[in-house]
2 protein chains.
Amino acid sequence: MTGSRSGVLELAVLGSLHENPLHGYELRKRLNTLLGMFRAFSYGSLYPCLKGLLTDGLIVEEEPPDDVVLGRRSKIVYKLTAEGKERLQELLTQAGPSSWEDESFGIHFAFFRHTEAEVRLRILEGRRSRLEERMENVRTALARTRERLDSYTLELQRHGLESVEREVRWLNELINTERAQAADKSQSERGERPDSGE
Amino acid sequence: MTGSRSGVLELAVLGSLHENPLHGYELRKRLNTLLGMFRAFSYGSLYPCLKGLLTDGLIVEEEPPDDVVLGRRSKIVYKLTAEGKERLQELLTQAGPSSWEDESFGIHFAFFRHTEAEVRLRILEGRRSRLEERMENVRTALARTRERLDSYTLELQRHGLESVEREVRWLNELINTERAQAADKSQSERGERPDSGE
DNA sequence: CTGCAGATGTATCAGCTCGATACATCAGTC
DNA sequence: GACTGATGTATCGAGCTGATACATCTGCAG
């Protein structure tokens, strides 16, 4: 129980290193590119996380390609261990609040390629109900508010609601696509060959 | 130099208490309603902030309406002092990175009613260039990326960019409205009476 | 009238994250 | 050959979150 990492970062790091070994600086760049407009990690959280993953044996420093002259040590390249891969699989399997909250949804989505279809669906649906719940809260809170609000506040509310509604529509499309794919798949498994399988 | 509050919270609290005195619990509810989908404050940050504002003399505990039986003390109602109002004005006057970053823009916007037109415009424009800069970074980072990304990552990027573009369009509309109002005003100040002055 | 469940209300703490900073190394370049 | 900017590792103070504790008030079922 040595490392108590944050879950989000753990998945982000393990997932990135699974694609190929990396050193801290580049790892950060990759992640911040991957997550684009959604999140940005800082070294102050990245390095402690790497340290924890090391002590837990989920990653190791990669050996330099032995023809390198000794006395050089600038880059520290990390790669996954077998345990690390196992842990990553575990993280990719669980769908729960920690996979559809604001901070973590982006990461989980970014690694959907490695996630089972059923889990993908549950995460998307979880995210959707999370957003709908939030809209509901805001709407009832608004309704309970006695004094009417000024136009700027109202505009802020309107824009916020509209943004979230837009994200819900986006999720709906994704969910439909996933369902359609699942249907295709089960059809083709029954031997019906739906043209060309991806 | 007693209090070193976070700026965002300070504005949020002072601004809310300016409308009417409140106690902590309700203050939090108000703020989280006001900011709707954008932010949520926790007690762990709110109470320390109130404490700091107290010691700096920007707020005081309101006297109970003296017919109340003594020995009662459950609610602690805070209200602004003269210094607090001054400080609030100061916060509402400054337009800078701390007013258009993600965490703080919503609060500043929510109190635009109390903000001068010129400051409003600078904050909106600052926010817009912040978002454009971020889009630019993502786009160039994407362009530099060698390996092509899987469809989920791509979809995430697309959705992110689209959301930000949408917010930029929203800002453009607001900026145009502000400019038009400023023009109206300067016209009416030159004595041209444009129908009904607000 | 009693008790008890749920909203109201104040307060704190461990753990985590951010932003800043420090300090090396490396590539290009005039 | 030394300056500049990108690359790279690492830490720290300050602040925030989520959880938790605990007290009070209100409604209402038994």
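Letters A, B, ... are given to chains in the order of the sequence lines, protein chains preceding strands, and every chain is numbered from 1. Hydrogens, waters and symmetry mates are skipped; everything else that's a heavy atom, side chains included, is used.
- With rounding to the nearest 0.5 Å, the separation of OG in A:Ser42 from OH in A:Tyr47 is 11.0 Å.
- Spacing between atom CD1 of B:Ile76 and atom P of D:dA23 amounts to 15 Å, rounded to whole angstrom units.
- A:Glu101 has its CD atom 18 Å from the P atom of C:dC16, to the nearest Å.
- When all heavy atoms are compared, the tightest approach of A:Ser16 to A:Leu27 is CB-CD1, 3.5 Å.
- Taking atom CG of residue A:Asp102 and atom C1' of nucleotide D:dG18, one finds them 15 Å apart after rounding to whole Å.
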(message) Show, in sequence, the C-alpha distance, side-chain angles and deciding distance for A:Glu125 and A:Arg122, and conclude whether the salt bridge (charged side-chain N to carboxylate O under 4.0 Å, His left out) test is met.
(response) CA-CA 5 Å; A:Glu125 287 167 344; A:Arg122 264 188 291 147; over 6 Å; no
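- Results of the side-chain contact (heavy atoms from CB on, under 4.5 Å) test with B:Leu161 over B:Met135, B:Arg134, B:Arg166 single out B:Met135 as the only residue that passes.
- Contact between the side-chain N/O atoms of B:Lys75 and the OP1/OP2 oxygens of D:dT24 is not found at any separation under 4.0 Å.
- Remark: C1' of D:dA6 and CG of B:Asn137 are 15 Å apart, rounded to the nearest angstrom.
- A salt bridge does not link B:Glu26 to B:Lys29: none of the charged nitrogens lies less than 4.0 Å from a carboxylate oxygen.
- Inspection of the A:Gln89 and A:His18 side chains reveals no N or O donor paired with an N or O acceptor under 3.5 Å.
- Side chain of B:Arg120 to main chain of B:Thr115: a donor-acceptor pair is present (N/O by atom type, distance under 3.5 Å, no hydrogens or angles).
- Nearest-nucleotide positions on DNA chain C place B:Pro48 closer to the 5' end than the other of B:Glu103 and B:Pro48.
- Classified by interplanar angle (parallel below 30°, tilted 30° to 60°, perpendicular above 60°), the ring pair A:Tyr152/B:Phe112 is perpendicular.
- B:Leu53 has its CG atom 13 Å from the P atom of D:dG15, to the nearest Å.
- Only A:Arg39, A:Ala40, A:Ser42, A:Gly44, A:Ser45, listed by number, bring a heavy atom of residues 39-47 of chain A to less than 4.0 angstrom from any atom of DNA chain C.
- DNA chain C is contacted by B:His23, B:Gly24, B:Tyr25 of residues 19-31 of chain B, taking any non-hydrogen atom closer than 4.0 Å.
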